[in-house]
Amino acid sequence: QVQLVESGGGSVQAGGSLRLSCAASGRTFTSYTMGWFRQAPGKERDFVAAINAIGSNAYLADAVKGRFTISRDYAKNTVYLQMNSLKPEDTAVYYCAADPQGGNYWDNSPYRYWGQGTQVTVSS
């Protein structure tokens with residue numbers, strides 16, 4: 001069993017930055033691909049970023065490439081999402097997820113574990 005706890009959300013003006021953290025419990029953190037997804041009101045939960053189990057490959061949605069980065073700290077069992085040059089369209093609840101169980105990393109449905117979400121609001 002893995003528990004995920006996100007933090008770091010908040011309100012920021014356009015052009016600003018935030019860093020989201022996802023702290024994972026459990027000894028199997030290093031075994032899982034980790035992902036970030038976001039969901040705006042009335043919309044589907046969309047892929048934002050993912051990083052594989054050994055941290056060698058990172059994947060970003062086209063909408064955030066060049067602005068967001070994903071990383072993981074094995075000593076802290078934590079995954080980060082650094083968000084720069086934020087835009088109002090980045091406003092959403094951001095969710096951390098673990099273990100797509102062999103499915104596609106960009107697809108939210110295979111992920112076995114989810115955090116509770118953290119709100120990010122970007123004003124213009």
Side-chain angles (χ1 to χ4, degrees):
Q1 186 74 13
V2 174
Q3 292 185 332
L4 305 174
V5 179
E6 300 102 332
S7 61
S11 297
V12 64
Q13 290 191 329
S17 298
L18 285 173
R19 187 177 79 159
L20 304 184
S21 300
C22 173
S25 65
R27 295 174 294 176
T28 54
F29 173 76
T30 56
S31 301
Y32 299 142
T33 288
M34 302 292 294
W36 285 98
F37 291 80
R38 65 187 182 186
Q39 189 166 19
K43 295 190 176 181
E44 295 184 350
R45 190 169 296 189
D46 292 332
F47 170 72
V48 176
I51 187 166
N52 67 347
I54 61 173
S56 60
N57 292 315
Y59 310 95
L60 295 168
D62 288 344
V64 305
K65 281 181 181 176
R67 301 187 297 123
F68 291 11
T69 57
I70 185 171
S71 60
R72 62 194 301 169
D73 184 331
Y74 295 93
K76 296 182 179 180
N77 273 14
T78 300
V79 176
Y80 301 101
L81 184 68
Q82 178 67 44
M83 306 186 296
N84 299 327
S85 302
L86 283 161
K87 304 176 181 180
E89 50 264 45
D90 295 317
T91 295
V93 177
Y94 283 71
Y95 296 91
C96 175
D99 189 12
Q101 304 182 89
N104 296 317
Y105 63 83
W106 64 83
D107 184 358
N108 65 65
S109 58
Y111 281 83
R112 188 176 356 171
Y113 305 108
W114 289 89
Q116 81 288 354
T118 185
Q119 177 70 47
V120 171
T121 302
V122 185
S123 58
S124 57

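Below, all heavy atoms of this structure are taken into account, side chains as well, without hydrogens, waters or symmetry copies. Numbers here are sequence positions counted from 1. None of these values were measured; they are calculated from a predicted model.
The heavy-atom pair separating Ala24 from Leu4 by the smallest distance is CB-CD2, 3.6 Å. Among all heavy-atom pairs drawn from Ala53 and Thr33, the shortest one is N-OG1, 4.0 Å. Taking all atoms of both residues into account, the shortest heavy-atom contact from Tyr32 to Arg112 is OH-NH2, 4.2 Å. Considering every non-hydrogen atom in both Thr78 and Ala23, the closest pair reads OG1-CA, 4.0 Å. In terms of heavy atoms, Pro88 sits closest to Ser124 at CG-CB, 3.9 Å. The two residues Gln82 and Ser17 have their closest heavy-atom pair at NE2-CB, 4.1 Å.
By the 4.5 Å heavy-atom criterion applied to side chains, Val2 and Asp99 are not counted as neighbours. Counting heavy atoms from C-beta outward, Arg38 and Val120 have side chains that stay 4.5 Å or more apart. The closest side-chain heavy-atom distance from Asn108 to Trp114 is below 4.5 Å. For the pair Glu6 and Leu20, the minimum side-chain heavy-atom distance is 4.5 Å or more. In this structure the side chain of Val48 never reaches within 4.5 angstrom of the side chain of Met83, judged on heavy atoms. For the pair Trp36/Cys96, a side-chain contact is recorded, criterion being any heavy-atom separation below 4.5 Å from C-beta on.
Here the side chain of Thr121 pairs no donor or acceptor atom with the backbone of Thr91 at under 3.5 angstrom. Under a 3.5 Å cut-off, the side chain of Asp73 and the backbone N or O of Lys76 do form a donor-acceptor pair. Put simply, the side chain of Ser85 never gets that close to the backbone of Arg67: no donor and acceptor are under 3.5 Å apart. Under a 3.5 Å cut-off, the side chain of Tyr74 and the backbone N or O of Ile54 do form a donor-acceptor pair.
Under the 6.0 Å cut-off for aromatic ring centres, Phe37 and Tyr111 qualify, their centroids lying closer than that.
Note: Asn77 CG to Thr30 OG1 = 8.0 Å, rounded to the nearest 0.5 Å. Between Ile51 atom CD1 and Ser56 atom OG the span is 8.0 Å, to the nearest 0.5 Å. Here the CG-CD1 distance, from Asn57 to Ile70, works out to 11.5 Å after rounding to the nearest 0.5 Å. For the atom pair Ser109 OG and Gln101 CD, the distance stands at 10.0 Å (nearest 0.5 Å). If you take OH on Tyr95 and OG1 on Thr118, they are separated by 10.0 Å, rounding to the nearest 0.5 Å. Tyr113 OH to Cys22 SG: the interatomic distance, rounded to the nearest 0.5 Å, is 13.0 Å.
Side-chain heavy atoms closer than 4.5 Å link hydrophobic residues (I, L, V, M, F, W, Y) into clusters, and following such links, even through other members, never connects Leu81 to Val93. When the side chains of ILVMFWY residues are joined at heavy-atom separations under 4.5 Å, either directly or via intervening members, Tyr105 and Tyr80 end up in two distinct hydrophobic clusters.
At a threshold of 4.0 Å, the pair Lys65-Asp62 counts as salt-bridged, since one of the basic side-chain nitrogens sits closer than that to a carboxylate oxygen.
For Glu89, the CD atom is densely surrounded, since the number of other residues' heavy atoms within 6.0 Å is greater than 12.
Relative ring orientation between Phe68 and Tyr94 is described as tilted, the plane-to-plane angle lying within the 30° to 60° band.
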